[in-house]
Chemist: 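First, the structure itself, so that you have it in front of you.
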Amino acid sequence: MTELARDAASALDTAREAGGQPVLDRLIALLDLEKIEENIFRGVSPAHSPVRVFGGQVAGQALVAAGRTVPEERKVHSLHAYFIRGGDPSVPIVYEVDRIRDGRSFTTRRVIAIQHGKAIFSLSASFQKEEPGVEHAEAMPEVPGPESLPTLAERAEGYADRLGIQVRPRPIDLRYVNDPPWVTRESGEREARNQVWMRADGRLPDQQLLHVCVLTYASDMTLLDSVLARHGVYWDLDKVLGASLDHALWFHRPFRADEWFLYDCASPSASGARGLATGRFFAADGTLIATVVQEGLLRVLD
């Protein structure tokens, strides 16, 4: 599917749609990696990123590569990743899968993403066959429903040119529950919390791994905003240099990424030019579906 993926990357660069099914279909195509050898896959990127490949894309593609080597009945329950170098959006990314272990209950895979002969990203993922066990989960915070909230474009009115929100096609529909960090930056609020409703902006095929990969893609979109909000700065409005350093996700229960889920993010600490953020994903019915932790490099320049 490499030609389709290349066409999708080109289409994302030139798309006039802000979102919707056509844009989501291009993301699906980008996640459909080409198998070039046993345990080796290749993916491409939209070239609209002027500096580096979006981290959520690399994580999603790496998880696709790992999942392609695992029996379908085993579901991914966790991943741990390190962002090593910035990815070059102008050249393909090669994903090498190491089949670490195939046990009776668990399957472990390690994936290295390579560009220009060097590792840019590493991922370890664990898959498990379905088993019964004890059950409990934290409750979802009380928040207004997504349909009652303004769209991202409406939230960004007056900021769109500086934020680039209207010119970038987005396969994920975002609805901020609280004021976005570019608004609180001016209002003076300094809460290290960020709550966003999300969903794939269209319909996804009935493939659970694809839904997990789309949520993985989305998990890198607003998480570090909870760190910046505490300090009243924002990426495109201030001199902020940042990048994801590591990323961990635990998937608790089945879900659909094309149905609304709440991303509840908070930042417990920032120090040493690094910020830590945690996030919880809840389905619209209140079910806790996943937990994420990420540390990012954050340099705020004078």
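Below, all heavy atoms of this structure are taken into account, side chains as well, without hydrogens, waters or symmetry copies.
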Chemist: Closest heavy-atom contact between R74 and K129?
Modeler: CG-N, 4.1 Å
Chemist: So which atom in L63 and which in L79 form the shortest heavy-atom distance, rounded to 0.1 Å?
Modeler: CD2-CD2, 3.9 Å
Chemist: Take R203 and Q21 through the test side chain to side chain contact (heavy atoms under 4.5 Å, CB included) and record every step on the way to the result.
Modeler: CA-CA 7 Å; R203 191 70 177 172; Q21 191 68 50; 3.8 Å; yes
Chemist: Answer yes or no: is there a donor N or O on one side and an acceptor on the other, between the side chain of R175 and the main chain of P146, under 3.5 Å?
Modeler: yes
Chemist: Is there a path of hydrophobic side-chain contacts, each under 4.5 Å between heavy atoms of I/L/V/M/F/W/Y residues, joining V196 to W260?
Modeler: no
Chemist: Could you state the interatomic distance from CZ (F127) to OG (S105), rounded to the nearest 0.5 Å?
Modeler: 15.0 Å
Chemist: Taking the side chain from H211 and the backbone from A257, do they hold a donor-acceptor pair closer than 3.5 Å?
Modeler: yes
Chemist: Search all heavy atoms of M221 against all heavy atoms of I172 and return the closest pair with its distance.
Modeler: SD-CG1, 3.8 Å
Chemist: Please check if Y95 and F54 belong to a single hydrophobic cluster, counting links between Ile, Leu, Val, Met, Phe, Trp and Tyr side chain heavy atoms closer than 4.5 Å.
Modeler: yes
Chemist: If we ignore angles and hydrogens, is there a donor and acceptor under 3.5 Å between the side chains of H77 and S126?
Modeler: yes
Chemist: So do P254 and K75 actually touch side chain to side chain, heavy atoms under 4.5 Å?
Modeler: no
Chemist: Side chains of V53 and I120, heavy atoms from C-beta outward: is any pair under 4.5 Å?
Modeler: no
Chemist: Find the distance between CZ (R274) and CD (Q294) and round it off to the nearest 0.5 Å.
Modeler: 13.5 Å
Chemist: Can you confirm whether more than 12 heavy atoms, excluding those of E131, are under 6.0 Å from its CD atom?
Modeler: yes
Chemist: Using 0.5 Å steps for rounding, measure from the CG atom of D179 to the CG atom of N194.
Modeler: 10.5 Å
Chemist: Grouping I, L, V, M, F, W and Y whenever their side-chain heavy atoms are under 4.5 Å apart, do F255 and Y263 come out in a common cluster?
Modeler: yes
Chemist: Please check if the side chain of R170 supplies one atom and the backbone of D201 the other of a donor-acceptor pair under 3.5 Å.
Modeler: no
Chemist: At what distance, to the nearest 0.5 angstrom, does CD of Q128 lie from OG1 of T107?
Modeler: 10.0 Å
Chemist: Parallel, tilted or perpendicular: which describes the rings of H80 and W250, with under 30° parallel and over 60° perpendicular?
Modeler: perpendicular
Chemist: Just checking E72: does its CD atom have more than 12 heavy atoms from other residues, nucleotides or ligands closer to it than 6.0 angstrom?
Modeler: no
Chemist: May I ask you to decide if L33's main-chain N or O and R68's side chain share a donor-acceptor pair within less than 3.5 Å?
Modeler: yes
Chemist: Could you check V58, I112, T216, V111 and say which one makes a side-chain contact (heavy atoms from CB on, under 4.5 Å) with L123?
Modeler: V111
Chemist: Begin with the C-alpha distance, continue with both residues' side-chain angles, and end with the deciding distance and a verdict on side chain to side chain contact (heavy atoms under 4.5 Å, CB included) for V300 and H231.
Modeler: CA-CA 10 Å; V300 181; H231 301 276; over 6 Å; no
Chemist: Do the side chain of D98 and the main chain of R110 share a donor and acceptor less than 3.5 angstrom apart?
Modeler: no
Chemist: For V91, does its backbone N or O pair with a side-chain atom of Q115 as donor and acceptor, under 3.5 Å?
Modeler: yes
Chemist: Go through the steps for V214 and L31 under the test side chain to side chain contact (heavy atoms under 4.5 Å, CB included), then give the verdict.
Modeler: CA-CA 9 Å; V214 170; L31 292 173; 4.1 Å; yes
Chemist: With distance as the sole test, does R155 use its side chain to make a donor-acceptor pair with the main-chain N or O of P150 at under 3.5 Å?
Modeler: no
Chemist: Considering non-hydrogen atoms only, spot the tightest contact between A66 and V97 and give its length.
Modeler: N-CG2, 4.2 Å
Chemist: When you look at CZ of R299, are more than 12 heavy atoms from neighbouring residues, nucleotides or ligands closer to it than 6.0 Å?
Modeler: no
Chemist: Okay, side chain of Q61, backbone of V44: is any donor-acceptor separation there less than 3.5 Å?
Modeler: yes
Chemist: Can you check whether H252 reaches R280 side chain to side chain, under 4.5 Å on heavy atoms?
Modeler: no
Chemist: Can you tell which of T291, I289, V212 makes a side-chain contact (heavy atoms from CB on, under 4.5 Å) with F251?
Modeler: V212
Chemist: Give a yes or no on whether F83 and V240 share a hydrophobic cluster (residues Ile, Leu, Val, Met, Phe, Trp, Tyr; joining criterion: side-chain heavy atoms under 4.5 Å apart).
Modeler: yes
Chemist: Report yes if some heavy atom in the side chain of M198 is under 4.5 Å from a heavy atom in the side chain of T222; otherwise report no.
Modeler: yes
Chemist: For W235 and D225, which I'm curious about, is there any donor-acceptor pair between the side chains at under 3.5 Å?
Modeler: yes
Chemist: Measure the shortest side-chain to side-chain distance between S45 and L30 over non-hydrogen atoms and say whether it is less than 4.5 angstrom.
Modeler: no
Chemist: Taking R109 first and then D102, would you say they form a salt bridge - that is, a charged N and a carboxylate O separated by under 4.0 Å?
Modeler: yes
Chemist: What pair of heavy atoms forms the shortest contact from L149 to G145, and how long is it?
Modeler: CG-O, 3.5 Å
Chemist: Within a 6.0 Å radius of atom CD on E130, are there more than 12 heavy atoms belonging to other residues, nucleotides or ligands?
Modeler: no
Chemist: With distance as the sole test, does Y234 use its side chain to make a donor-acceptor pair with the main-chain N or O of L228 at under 3.5 Å?
Modeler: no
Chemist: With distance as the sole test, does R199 use its side chain to make a donor-acceptor pair with the main-chain N or O of F261 at under 3.5 Å?
Modeler: no
Chemist: Closest approach of V227 and A277, non-hydrogen atoms and distance?
Modeler: CG2-CB, 4.2 Å
Chemist: For a side chain to side chain contact (heavy atoms under 4.5 Å, CB included) check, start with the C-alpha distance between M140 and T287, then their side-chain angles and the critical distance, and finish with the verdict.
Modeler: CA-CA 7 Å; M140 184 175 75; T287 302; over 6 Å; no
Chemist: Within this structure, what is the CG-OG1 distance for the pair L174 and T151, rounded to the nearest 0.5 Å?
Modeler: 10.0 Å
Chemist: CG/D25 to CG/L204 distance, rounded to the nearest 0.5 angstrom?
Modeler: 9.0 Å
Chemist: Do you reckon F282 sits in the same ILVMFWY cluster as L249, going by side-chain contacts under 4.5 Å, direct or chained?
Modeler: no
